[in-house]
Amino acid sequence: MFASLQDNLRTALKSLRGKGKLTDANMRDGLRMVEEAMIEADVAYPVVQDFMARVSEEAMGQKVLKSLNPDQQLVGVVHEQLIQLLGPVDPSLHLEKDVTVLMMCGLQGAGKTTTCGKLARLIGTEGKKALLVAADLQRPAAVQQLHVVGESVGAKVYSEENASDPIAVCQNAVKFARENGINVVILDTAGRLAIDEELMEQLKTIDRKIGPDQCFLVVDGMTGQDAVNSAKAFNDALELDGVIMTKLDGDARGGALLSVKHVTGVPIKFIGISEHMDGLEPFYADRMAGRILGMGDVLSMVEMAQREFDQDEAMKAQKALEAGSFTLDDFKRQLEQIMRPGLMKKMLGMMPGFGDMANMLQNTDHEKDMRRLRGIIDSMTREERRTPKVITPTRRQRIAAGSGTSPQEVNELLKQFDAMSSMMKGASPSELIGKMQRGDLVDPTGKMKKNKVGTGKRLSTKERLAQKKVRDKALRKRKKR
Amino acid sequence: MGLFNPFKKSEEQPAPPAEEQPSGFFSRLKQGLVKTSRVLNTDIRDLFKQEGRLVDDEFLTELYAILVRTDMGVGPAGKIRDQVKTDFRGRVVHLSEVLTTVKTELVALMQQPETPIQFAESGPTVVMVVGVNGSGKTTSIAKLASYLKSQGKSVVLGAGDTFRAAAVEQLSIWADRLGVDIVKAEQGSDPASVAFKAVDFALQNNKDVVILDTAGRLQTQTNLMNELDKIRRVAGKKIEAAPHEVLLVLDATAGQNGISQAKGFSEAAQCTGIILTKLDGTAKGGVVVPIRQTFNLPVKYIGVGETPEDFALFNAEQFGDALFADAF
Ligand SMILES: Nc1nc2c(ncn2[C@@H]2O[C@H](COP(=O)(O)OP(=O)(O)O)[C@@H](O)[C@H]2O)c(=O)[nH]1
Ligand SMILES: Nc1nc2c(ncn2[C@@H]2O[C@H](COP(=O)(O)OP(=O)(O)O)[C@@H](O)[C@H]2O)c(=O)[nH]1
Ligand SMILES: [Mg+2]
Ligand SMILES: [Mg+2]
C-alpha cells in the first residue's frame, strides 16, 4: 500500500540524473511526492507545508552530486530535515528529587495506563521505587487495570475505594509516597478529549495542586491529522515536558509524532512497541525519520534480530569469519538461524509496506527448503564441507544423488555460500538480516527471488555507501548542535 | 468502487425506518459533529471572504488542505480538488456551490442501504467485535447492547478479551449497569472457548443477540489475527451462519493506518461493517472515505462519547448534512 518514497522519487527524478542543480522547476514532481508521502504518513497538513518549505529551501541550488542520484539526494535532505525536527533527544526521566512526580495525560485509549506500568518497570530496573496512582475514575475498571499492571511489574499501586475526586487521590498519593520512601510517583489520569473543557480544567487543577515534575503526553501511533489539535490543547493546558508515542509495533508510519513535536516543541521520550510491560524503547530520531518516510525501521529490526539470534552461534560464526575458516557447516547453522519458522515473517511484519511479503513468506515452505539445503550439505564429506573448492563435477553428481537433488541445486548452494561468505566477512548475523532485507543477498532458499514481489528498496552497495554518507553528515550536524 | 463524480446522481435511498433510529438521532449526531463541521465550514468560509472567489491555484490548494485535514488521504482529497478544478476553474464561485459539490461527492461515496445488524432468521444472532488496541471495542459493545436492548432484544455479552488487564471486569461493569447477561472466563484463558460458551448460553437461554468482545490487536500480528479466525470458526460450530456480523471498531482519530486496519481485519475476520468511534472530538474520521472506496466496507454505527447513549446509526446523507450543517 505504501510504496517507499524513495521508489517513487527514483522514477520522478530520473530525468535529473547528471543535470547539475536541483531547482524549483526540476524538483516540482519530487517535492509533490514528498508532500504526499508526508500526508500518507499522517503528518498534519500545516506541518507538512512548513516542512516542505524547509526541504525545498535546503535542497534548492544543491548540486546534484556525482556520486548520488537526485532521488537519493532529495531523500537525504528530507531525512536530514526530519531528524532535525524530531530531535533533540532526551530519554532521561530526570528523577533527581527525593520524590519525583510524573503525570501522564492523553486521549482515551492512547495507552496511558499501559505506559505507566512500563515506566514503573523501567524505574524499578534502575533500583528506584515507583508508585502508580489510580487517578482515572472515569473508565470502568480502570483502577483494577492499574492494579493488575502494577502487580505485574512489582510496583505499588495507590487507589482509594469509592473515590470520586482524582485531585484528592493524587494529593493523598504524593503524601503516601513521602511517608513510605517511594522515589517516583506516576499519576495515571483519565483519558479526555482536548475540547472537553471541564475535564481539561480538572487536569489543570491537578497540575496546579500537585505540581508534577514532569508531564508526559501519551499519543497513539496511529493518530492522524487531529494530532496537532489535541497536542496543542494539552500543551496549552499543562506545559508538557515530553511525549511518548505508543503502538508503534504495527505498521503505522507514526507521522503524527512530527505534528506533536511541531506544536509542542518538547522532546519525544519513548516509544511503545508492545502491549507487554517491556515494550518501551528510548526514542531515536533517525529511526523514526526512516519509518515516516516508509523506509522501514531497519535498525529496530536489526536489534530484534540480535535478540532473536542465538548469540553463542552468532559469536562462533563471527569468529570463523574473521579467521577465514567459515565452512559449509557454519553456513548450515546460520541458515537454520535465519530461516527459523516465523522469524523472518515477524521481522518483515515490522516493516511498513512489507506486510504482503510477510504473508507471502507464510505460504512458502521454508521447512522443505531447509530440509533440501541441509540434505545437500549433509551429503558432503567432511573435507568438502570444510573446503568446498575440492568439489569437482563428479563429486557434485554424488552429492546430488545422495541428497535427492540435482547437480544444479548443489551448484546453486555453493554459489550462495561463496557469495555469503564474502558478503559476511565482518558482518554479524543481524547485519546479515539487514543485508537480506535490502536485497543485497539472494535468499538462500531461492524463494524470495523467484516470487519477485515488489518489496520496495533495493540498494546497491554503492547506493548504500552514498546513503550512509548522507546519514553520517546528518549525524555530525546533529552532534554539533 | 469508482472515481469521484460529483454530478452522478446518487441512487435514491429509501428513508430509514423511523423506529430504527435511536432517540434524537439527528441532534446527537449533529452535536457530535458540530465541532468537526465548525472547523470545516469556518475554513471553507475563509476561502470566501468576499462574496465570491476566483477558483485558482491558491484556492484549490486551500481547499485541498481542508480536505486533507479530514484524514481522507491524498487520493480522495486530490480527486475532489481536481473535480472542483474541472468544474469551476477560472470562475468566481459562491460558497454554497463548492460545498454542495464536496458534500455530494462524499455522500454519494458513503451512501449505502440502511444496514444495521443483519439478524439471524431464527435463533441467536452472533455479533463479533474486533479492532486495534484502545479503539473503543468494549465501550461500543456496551452501546450496542443498550441500543438493542431498547429495541426489545435480549442480549448476552461474551468477555472474549482475556488478555488485557481488567478487560473482563470492564465489560462486567457494563453488563451490570445495562442489566444484560455476560459469559466470562479468567484472564489468560482461550478467547475461542469464551465465544463458544457465550453462543451456547444464548442457545440454552433463548437470547436474541450474542456480542463477542475480543482483545485489541494490531493487524500486523499474524498469530493474533489468526486467533480471530479461530473464534469465528468456534462460533460457527454451534450456529452455522455465525458470526452474522463482524464489526470493526475504528477510532475516528486514526489516520491513514485505518486503511491498513480495514484491510487486515477484513481479511482475517471478514468484517461486515465499521463502528466509527470518538467522533465527539475534533477528529473527523475521514479515513472511512478511502476505506469505503477500497474495501466497500460500510460504516454502520458511530460513537460520540463514553456513555451507552452516545451511539447512533450511521447515515451518509445525515453525516454529510451534519458536516456542513452550518453552511446552508
Ligand atoms: N500493541 C500495542 N498496544 C499497546 C501499546 N500501549 C498500549 N497498548 C494497548 O492499548 C490499549 C489501551 O491502553 P491503555 O493503557 O488502557 O490506554 P489508556 O486508556 O490511555 O489508559 C490496551 O489494549 C493496551 O494493551 C503498545 O505500545 N503497543
Ligand atoms: N470520547 C469518546 N471516548 C470513547 C468512545 N468510545 C470509547 N471511548 C473511550 O476510549 C477508551 C478505550 O475504550 P475501550 O472500549 O476500552 O476500548 P477497547 O480497548 O477497544 O475495548 C475508553 O476510555 C473509552 O471510554 C467515544 O465514542 N468517544
Ligand atoms: Mg487508562
Ligand atoms: Mg476492550
Side-chain angles (χ1 to χ4, degrees), chain A residues 1-2 35-36 39-42 44-46 48-49 107-111 113-114 117 138-149 152 191 193-196 220-227 229-230 233 246-247 249-253 255-256 275 342 345-346 349-350 352 355 358-359 362, chain B residues 35 39 64-66 68-71 73-75 77-78 132-136 138-139 142 163-174 177 187 215-223 251-261 263-264 267 277-278 280-287 306:
Chain A
M1 190 157 301
F2 305 110
E35 181 183 290
E36 288 191 352
I39 298 171
E40 291 284 315
D42 288 325
Y45 197 70
V48 173
Q49 286 178 309
L107 301 179
Q108 289 95 338
T113 306
T114 311
Q138 204 85 14
R139 172 166 167 180
V143 178
Q144 285 102 309
Q145 186 189 356
L146 193 68
H147 273 280
V148 177
V149 163
S152 74
L193 294 171
I195 48 161
D196 190 325
D220 186 323
M222 296 174 269
T223 311
Q225 298 283 320
D226 191 49
N229 302 328
S230 52
T246 61
K247 308 181 198 175
D249 37 335
D251 60 356
R253 296 276 272 272
E275 286 188 80
K345 203 157 90 52
K346 197 165 158 191
M350 291 170 69
N359 287 336
Q362 187 176 26
Chain B
K35 297 141 208 150
V39 175
Y64 180 67
I66 291 161
V68 163
R69 263 181 270 158
T70 67
D71 280 318
V74 288
V132 298
N133 312 76
S135 59
T138 306
T139 312
F163 177 79
R164 211 209 67 206
V168 176
E169 285 82 349
Q170 187 186 356
L171 194 67
S172 302
I173 290 173
W174 281 121
R177 287 188 193 166
Q187 196 184 340
R217 66 202 72 213
L218 301 180
Q219 63 277 12
T220 47
Q221 297 168 322
T222 320
N223 292 344
D251 186 332
T253 36
Q256 300 307 296
N257 190 251
I259 299 171
S260 170
Q261 290 171 33
K263 179 167 189 281
E267 279 169 5
T277 63
K278 309 188 194 174
D280 46 329
T282 42
K284 298 158 194 81
V287 72
E306 296 185 81

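Proteins come first, then strands; the chains are lettered A, B, ... in the order of their sequence lines, and each starts at number 1. Keep in mind that what you see is a predicted model, and the values were worked out from it rather than measured.
Expressed to the nearest 0.5 Å, how far NZ of A/Lys247 lies from CG of B/Asn257 amounts to 10.5 Å. Separating the CZ atom in B/Arg69 from the CG atom in A/Asn229 is a distance of 8.5 Å, to the nearest 0.5 Å. Of the inter-residue distances, the one linking A/Gln144 atom CD with B/Ile173 atom CD1 reads 5.0 Å to the nearest 0.5 angstrom. Atom CD1 of A/Ile39 is separated from atom CG of B/Asp71 by 11.0 Å, given to the nearest 0.5 angstrom.
Side-chain contact between B/Gln170 and A/Gln145 is absent, with no heavy atoms from C-beta onward closer than 4.5 Å. Between A/Pro140 and B/Arg177, the closest side-chain pair of non-hydrogen atoms falls below 4.5 Å. Counting heavy atoms from C-beta on, the side chains of A/Glu35 and B/Val74 never come closer than 4.5 Å. With a 4.5 Å cut-off on side-chain heavy atoms, B/Leu218 and A/Met222 count as touching.
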Apply side-chain contact (heavy atoms from CB on, under 4.5 Å) to B/Arg164 and A/Thr114, showing your working.
CA-CA 10 Å; B/Arg164 211 209 67 206; A/Thr114 311; 5.8 Å; no

Could you go step by step and tell me if A/Asp220 and B/Thr253 meet the side-chain contact (heavy atoms from CB on, under 4.5 Å) rule?
CA-CA 9 Å; A/Asp220 186 323; B/Thr253 36; over 6 Å; no

Decide yes or no on side-chain contact (heavy atoms from CB on, under 4.5 Å) for B/Gln256 and A/Arg253, but give the supporting numbers first.
CA-CA 9 Å; B/Gln256 300 307 296; A/Arg253 296 276 272 272; over 6 Å; no

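Interface remark: B/Val132 contributes side-chain atoms only to the contact with chain A (heavy atom separation under 4.5 Å).
With chain B as the partner, the residue from A/Arg139, A/Glu36, A/His147, A/Gln49 showing the most heavy-atom pairs under 4.5 Å is A/Arg139. Of all the listed residues (A/Val149, A/Leu146, A/Val148, A/Asp42), the one sharing the greatest number of non-hydrogen pairs under 4.5 Å with chain B is A/Asp42.
Looking only at atom types and distance, the side chain of B/Glu306 has no donor-acceptor partner in the side chain of A/Gln138 under 3.5 Å away.
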